[in-house]
Amino acid sequence: MAKVISPDSAGIEFAAKTLLDGNLVCIPTETVYGLSADACNEASVLRIFQVKNRPVSNPLIVHISGKERLTDWAIRIPEYAWTLVSKFWPGPLTIILRKSKLASHLITGNQEYVALRVPDNLITLKLLEQALSLGVYGLAAPSANRFGEVSPTNTKDLLAGLEKYLSSDDLVLEGGKCRIGIESTIIDCTSKLPYVVRPGIISTEEIYHALKIDMADSITNAQLISIRKKNIKSPGLAQKHYSPKAQVSIGPETYPGDGFIAFAEIPTPIGAIRLASPLNIEDFARILYSSFHECDRLGLKRLVIIPPQGAGIASAIRNRLFRAANIPYTSLNFME
Ligand code: TXA
Ligand code: MG
């Protein structure tokens, strides 16, 4: 049973020492909560895998305090990766680069590549700086949920999933609700051109725009896909994922007693239990996972969702919904 602490300066100082001592700290980020450990302490990182029940072949993102720390963890950083981090960090972007010696094979899933991110959350940025001053170069942190379950966007949902697996020396930093609500966009930056591994709030369009790459260049896209296939493995991006216990179904058909999530303007079908009524697409992302957790608390057997349509954030949300429903996702499932 971990201690929940408030993120004032004494709390953050205590959390940094806790990490240095080899314990785990659950951290708020703008996307979802993370379960963090000193990325250079193998015993602590192993505990992340145990607490999450996650296979060690599945690599972890290293969270750092700023882009100046990139060269601690990565080598041969392409110019376009610097452009991306200058534009999007701190923020919901993770980049994959060739690893330096500092990055152990335990955090990279035994590959030569490491994933890095600077989160846009003041509490966690302060913690990262404080930890760095104690000699902790980065925090390995997957989402703070059991493997295959739903990422938490508040500490209540986090504790419901992990409390019994954390120890009394571990901490949870109370950071309120996550601003974005779905995980970061992951970009593979190990080839000549970037490749979007996991969609997120920062869209492929924005990435290409920032790098002045022409989206319409289909030859380039085909080349990218073939490069990627030969390249890195992200086992965590396996099809079934992000699921509540209820069976998730993509609407519109509902049965009495089903949970129901749709934009506010769509009426609740007779007999269905409304779990969320997002007003806009950002709202949809923000409340999606807490609605999944609520669905489980209510013990519902089925959850019907009317997905948002269109490109950008809508596409990132559909990616999560299709995985939760165990349906193969391609961005072509809907008109972009
Ligand atoms: O928003 C986020 O990214 C959150 C917050 C806590 O930062 N973190 C998160 O971590 O979603 P996680 O572990 O739940 O998802 C990261 C995904 C996994 O599917 C993992 O397989 C992939 O990123 N990944 C991590 N490191 C990698 C690497 N070196 N190469 C390829 N894939 C990697
Ligand atoms: Mg996760």
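As the structure lists them, so they are numbered: ligands from 1, and atoms in each ligand from 1. Everything numeric in this text was worked out from a predicted model, so none of it was measured.
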Is it true that the NZ or CZ of Arg69 lies under 6.0 Å from the centre of Tyr137's six-membered ring and within 45 degrees of the ring axis?
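No; the conditions do not both hold, so Arg69 does not lie above the ring face of Tyr137.
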Just by distance, do the side chain of [X] and the backbone of [Y] share a donor-acceptor pair under 3.5 Å?
X	Y	result
Glu174	Gly176	yes
Arg54	Pro59	yes
Ser184	Pro92	no
Arg320	Ser243	no
Arg76	Thr190	no

Please report whether ligand 1 has a polar contact with [X], defined as an N or O pair separated by less than 3.5 Å (distance criterion only).
X	value
Asn58	yes
His63	yes
Thr29	no
Arg54	yes

Heavy-atom distances under 4.0 Å decide this one: backbone, side chain, both or neither, for [X] against ligand 1?
X	answer
Glu30	neither
Leu60	backbone
Ile186	side chain

Which atoms from ligand 1 have a heavy atom of [X] less than 4.0 Å away?
X	value
Arg198	2 (C), 3 (O), 9 (C), 11 (O), 15 (O), 16 (C), 17 (C)
Ser184	1 (O), 2 (C), 3 (O)
Ile96	30 (N), 31 (C), 32 (N)
Val114	29 (N)
Pro142	10 (O), 12 (P), 13 (O)
Ala115	25 (C), 26 (N), 27 (C), 29 (N)

Step-by-step salt bridge (Lys or Arg N to Asp or Glu O under 4.0 Å) determination, Arg297 to Asp157:
CA-CA 10 Å; Arg297 263 194 289 277; Asp157 293 345; 3.1 Å; yes
Looking at [Y] and [X], is there a salt bridge between them, counting it only when a charged N and a carboxylate O are closer than 4.0 Å?
X	Y	answer
Glu206	Lys87	no
Glu129	Lys126	no
Lys301	Asp258	no
Glu282	Arg286	no

Compare [options] and give the one whose heavy atom is closest to [atom].
atom	options	result
atom 29 (N) of ligand 1	Tyr113, Phe147, Tyr33	Tyr113
atom 6 (C) of ligand 1	Cys26, Cys178, Gly34, Pro119	Gly34
atom 8 (N) of ligand 1	Leu139, Ile61, Asn110	Ile61

Scan for side chain to side chain donor-acceptor pair (under 3.5 Å) pairs involving residues 22-37, sequence neighbours excluded, and state none if there are none.
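As it turns out, the side chain to side chain donor-acceptor pair (under 3.5 Å) pairs with a partner in residues 22-37, which skip direct neighbours, are Thr29-Thr31, Thr29-Arg117, Glu30-Arg117, Thr31-Arg117.
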Take the Mg ion (ligand 2) and tell me which protein N, O or S atoms are nearer than 2.8 Å.
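Within the sphere that stays under 2.8 Å of the Mg ion (ligand 2), the protein atoms of type N, O or S are Ser143 OG.
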Contact between Ile250 and Pro307 at the side-chain level, heavy atoms closer than 4.5 Å - yes or no?
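Side chain of Ile250 against side chain of Pro307, heavy atoms only: contact under 4.5 Å found.
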I want to check something: taking the side chain as every heavy atom from C-beta on, are Val32 and Asn145 in contact at a cut-off of under 4.5 Å?
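In short, these two side chains do not touch, never coming nearer than 4.5 Å.
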